Amino acid sequence: MPTISIGADGIDAKKLEEEILQAVAEKRKNGAYDDAAVARAERSNLMTMQDDENFVERYLACLRQLIVVDIDDFEIIEHRARFAPLLKALKKSIWKLLKFYTFRLWSQQNQTNNVLLAGIEGINRRHNREIERLQARIEALEKQLAAGK
């Protein structure tokens with residue numbers, strides 16, 4: 001069942017769908033959808049596309065983009081206007097005091113994430129090689145079977 005239904009006089013829905021899919025494929029090929037914001041959105045889509053043949057490749061692409069914990073400073077926003085300058089200064093001071101500890105935690109998390117991704121990619125490469133080997137073996141056996149008949 002389609003998630004979007006297009007119906008109007010003079011509209012070729014199938015052609016429109018093909019044009020959209022083609023434009024998305026072209027943009028994806030050119031890297032238009034490779035930023036972290038898209039990767040975060042893709043992460044939620046991954047659960048719905050597990051039966052897709054490109055699932056593992058897309059999953060690994062999302063992991064590659066989300067693997068690094070951002071350890072840069074961030075802007076402190078204070079919504080209480082009356083005490084905003086004082087509260088911002090206090091929050092910045094607290095952040096400076098805690099930054100050393102959080103930096104160490106984030107660094108360790110980044111190292112762990114990198115090791116886990118490398119392991120997953122290694123397993124995926126090994127499985128892909130095994131699948132290719134088995135497919136070649138099946139093709140060779142099918143040729144032998146066809147030649148024997």
Side-chain angles (χ1 to χ4, degrees), residues 1-79 87-88 91-149:
M1 174 143 197
T3 56
I4 297 175
S5 176
I6 301 172
D9 292 337
I11 299 292
D12 183 358
K14 199 68 171 161
K15 182 180 178 193
L16 183 60
E17 179 184 4
E18 289 171 7
E19 288 174 2
I20 291 170
L21 291 174
Q22 184 178 14
V24 168
E26 184 67 28
K27 287 180 180 181
R28 182 172 283 129
K29 187 176 85 175
N30 293 332
Y33 300 129
D34 283 342
D35 72 0
V38 174
R40 280 191 298 277
E42 282 293 325
R43 182 176 51 202
S44 64
N45 287 338
L46 287 172
M47 293 305 115
T48 61
M49 60 174 275
Q50 289 183 5
D51 293 333
D52 187 353
E53 65 184 47
N54 297 323
F55 170 75
V56 174
E57 288 78 19
R58 302 224 17 228
Y59 182 79
L60 289 173
C62 289
L63 278 179
R64 282 184 209 102
Q65 291 189 359
L66 294 171
I67 197 165
V68 178
V69 176
D70 183 11
I71 59 177
D72 291 330
D73 287 340
F74 54 91
E75 181 183 359
I76 295 175
I77 299 171
E78 180 54 55
H79 297 289
L87 291 171
K88 283 178 81 169
K91 289 177 181 181
K92 284 183 180 182
S93 298
I94 292 169
W95 173 244
K96 284 181 182 177
L97 290 171
L98 296 176
K99 190 173 184 178
F100 171 76
Y101 299 104
T102 55
F103 180 80
R104 291 191 67 200
L105 289 171
W106 287 334
S107 297
Q108 291 171 351
Q109 185 64 56
N110 284 338
Q111 290 172 349
T112 302
N113 291 352
N114 281 316
V115 168
L116 290 172
L117 178 62
I120 291 169
E121 288 179 325
I123 290 168
N124 187 52
R125 280 191 303 274
R126 189 178 80 212
H127 286 167
N128 285 342
R129 282 193 306 266
E130 182 67 11
I131 289 169
E132 288 171 3
R133 186 186 69 75
L134 291 171
Q135 285 174 334
R137 185 174 173 199
I138 289 170
E139 287 175 14
L141 290 171
E142 285 175 344
K143 286 179 184 176
Q144 284 179 355
L145 211 81
K149 283 188 177 181

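Because the structure is a prediction, the values reported are computed rather than measured.
Residues K88 and I76 share a closest heavy-atom pair of CE-O, 3.1 Å.
Pairs of residues two or more places apart, or lying in two chains, never qualify as salt bridge (Lys or Arg N to Asp or Glu O under 4.0 Å) while including a residue from residues 107-119. Applying the salt bridge (Lys or Arg N to Asp or Glu O under 4.0 Å) rule to pairs touching residues 98-108 yields D73-K99, sequence neighbours excluded.
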Give the table of side-chain donor-acceptor pairs shorter than 3.5 Å for residues 131-138, with sequence neighbours excluded, one pair per line with atom names and distance.
{"residue": "R133", "atom": "NE", "partner": "E130", "partner atom": "OE1", "Å": "3.3"}
{"residue": "R133", "atom": "NH2", "partner": "E130", "partner atom": "OE2", "Å": "2.6"}

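In this structure, the side chain of N113 engages the main chain of I67 through a donor-acceptor pair within 3.5 Å.
Note: K14 NZ to L16 CG = 11.5 Å, rounded to the nearest 0.5 Å. We find the CG-NZ distance between L141 and K143 to be 11.5 Å, quoted to the nearest 0.5 Å. Note: L87 CG to K92 NZ = 12.5 Å, rounded to the nearest 0.5 Å.
Residues forming a ring-ring contact (aromatic ring centres under 6.0 Å, His included) with W95 (at least two apart in sequence, or on another chain): F74, W106. R126 pairs by the side-chain contact (heavy atoms from CB on, under 4.5 Å) definition with R129, not counting sequence neighbours. In terms of the side-chain contact (heavy atoms from CB on, under 4.5 Å) criterion, residue partners of L60 (sequence neighbours excluded) are, by chain and number, V56, L63, R64, L117, I120, E121, N124.
Under a cut-off of 6.0 angstrom, the local environment of NZ in K91 is crowded, with over 12 non-hydrogen atoms contributed by other residues, nucleotides or ligands.
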